[in-house]
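Below is one structure, written out as structure tokens, with a few remarks after it.
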Amino acid sequence: MAPPSKQDAIVIVGAGVFGLSTALSLAQRNFTDVTVLDRMAPPVPDGSSCDISRIVRSDYSDPFYARMAKEALEAWRAGPFANLYHNSGFVLTSESRPDAFLEKLKGVLAGQDIPYESFNSSSELKRKFPSLNEIQTDFGGYLNPNGGWADAAASISRLATLCTEKGVSIITGPRGTVKSMRITNSRIEGVNVALGPPVLGSRVILATGAWTNGLLDLIYAMSSSGQPVGFIQLTPEEAHSISKMPTLINMTSGFFVFPPTPGTNILKVACHSHGFETRQPVDGTDRTISAPKRDLNNATSFFIPESADSALRHGLRQILPRFADRPWIRRRLCWYTDTPEGNFVVDHHPSIEGLFIAAGGAGHGFKFLPILGNYISDCFEEKASVEVREKWRLRSDPGVRLPFVCNDGSRRGPPRRVLSKFEQARL
Ligand SMILES: *[C@@H]1O[C@H](CO)[C@@H](O)[C@H](O)[C@H]1NC(C)=O
Ligand SMILES: *[C@@H]1O[C@H](CO)[C@@H](O)[C@H](O)[C@H]1NC(C)=O
Ligand SMILES: *[C@@H]1O[C@H](CO)[C@@H](O)[C@H](O)[C@H]1NC(C)=O
Ligand SMILES: *[C@@H]1O[C@H](CO)[C@@H](O)[C@H](O)[C@H]1NC(C)=O
């Protein structure tokens, strides 16, 4: 099939970071007919591009992502999202001294001329960050002074505004709720939606994150996992007392914590781990997949498994013990779309003409928001480098349905677990 033309009717399913950044980039490239569909207005509350914060870091064991993250960081600092990025610094800790994974990250940073500062004891870290003076345990690690966090919901809102300013249509509600794809003779013609006639297009881009396998069976290439997140309300005084703390991840457990959000004083903690799976039936098939609920999705559900709750509290007790037993104002599972090596899946479908996939964020896509759409559009227009195309290729179906674990090396904590029926009922 020929590369897309600027007049093609392009339907993007999903208004998260993959979908919206692609829509904006295509509109900037003078594509004239770009429509984004989602069930809810962005920031979609049960999507993964939501809530108050996302880590922005260039610390990667794969130089490809380290380089890309460095470019993204420059774009966060300079572009229309600059006031939504907070350069708190990013600290990675480990009880192993030296820690093989952290040494590898430092090697990659050095190769990219990205500075970092090692520390070999928690007292060294406390000298850099007096906010952390309650820490009792001893550990090593390093600080990357160029890194921190971005306001996720506000960045997505701004991205959506930029899209509409550039002439992108965003359709939400039942007309934006995609039920299935329309495929005739192995060619995509658009999508069927919950209300009214189908939304037609000669090109469909699935930017459906953790929901992707419900529309197209790609379980050999991506699989969703829920990761626990918790939020604690601090007083203005409490927030002020730790306002200069870094964003910090414990690379032994996967626990991470952000500085309190300016203005709202909310402390957010989470785990970058192997997460939890569900078993959701897929409409009109006998398949089940691990995914968040799509219909009747309970974005207000505060449920996370007991073990995850304890892990969050345990993590907080090591770093900020005085807040470890505070009530959660909210908890949730944040849905990763894992891939075997942690690479995104951004590629034309090999046998359905006109269908393009942009998913598989594997828990690390958001930080690329200001530049991701350009990379995806290059793949879509068949202009990307061989390196990018190869990295984000949709692998071919091996014909076996083996569950895989994401092994990009960054995940810590307990192995992935399927939630019990009782737990799933509470989501
Ligand atoms: C898009 O169109 C504008 C106005 O015609 C033109 O100046 C610009 O170079 C075009 N951009 C691309 C990427 O084609
Ligand atoms: C770092 O600390 C550990 C444990 O205290 C010690 O074994 C190691 O020699 C120290 N390394 C350096 C470079 O100071
Ligand atoms: C990191 O997590 C491990 C395992 O839970 C824990 O033993 C250690 O104290 C934690 N370190 C820090 C710095 O939080
Ligand atoms: C959502 O969760 C709330 C609180 O747990 C519960 O009362 C409500 O019935 C749930 N709604 C759905 C649609 O599951």
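In each ligand, atom 1 is the first atom listed, and ligand 1 is the first ligand listed.
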*Any protein heavy atom lying closer than 4.0 Å to atom 11 (N) of ligand 1?*
yes
*Name the closest protein heavy atom to atom 3 (C) of ligand 3, giving the residue it belongs to and the distance to 0.1 Å.*
Asn250 ND2, 3.6 Å
*asked:* Within this structure, what is the OG1-CZ distance for the pair Thr93 and Phe139, rounded to the nearest 0.5 Å?
replied: 5.5 Å
*Has Arg412 got its NZ or CZ under 6.0 Å from the middle of the six-membered ring of Phe101, at an angle within 45 degrees of the ring axis?*
yes
_Can you see whether Phe366 has Arg54 sitting over its ring - NZ or CZ less than 6.0 Å from the centre and within 45° of the normal?_
yes
_Aromatic contact between Phe256 and Phe90, with the criterion being ring centroids under 6.0 Å apart: yes or no?_
no
*In the protein, what heavy atom is nearest to atom 9 (O) of ligand 3, and what distance, to one decimal place, separates them?*
Gln318 OE1, 3.1 Å
*Flag Asn120 as yes when one of its N or O atoms lies below 3.5 Å from any N or O atom of ligand 2, and as no otherwise.*
yes
*To which protein heavy atom is atom 5 (O) of ligand 2 closest, and what is the distance rounded to 0.1 Å?*
Arg97 NH1, 3.9 Å
*Proximal ligand 3 atoms for His314, defined as those under 4.0 Å from one of its heavy atoms*: 5 (O)
*State whether the shortest distance between N or O atoms of Asn30 and N or O atoms of ligand 1 falls below 3.5 angstrom.*
yes
*Ring centres of His86 and Phe258 under 6.0 Å apart?*
no
*asked:* Checking contacts here: is it the side chain or the backbone of Ile135 that comes within 4.0 Å of ligand 3, counting heavy atoms only? Could be both or neither.
replied: neither
*Return yes when at least one protein heavy atom is under 4.0 Å from atom 7 (O) of ligand 1, and no when none is.*
no
*Can you measure from CG (Leu355) to OG (Ser186) and round to the nearest 0.5 angstrom?*
11.0 Å
*Tyr375 and Trp392 aromatic ring geometry - parallel, tilted or perpendicular at 30°/60° bounds*: tilted
*Report, in ascending order of atom number, the atoms of ligand 3 lying under 4.0 Å from any heavy atom of Thr93.*
13 (C)
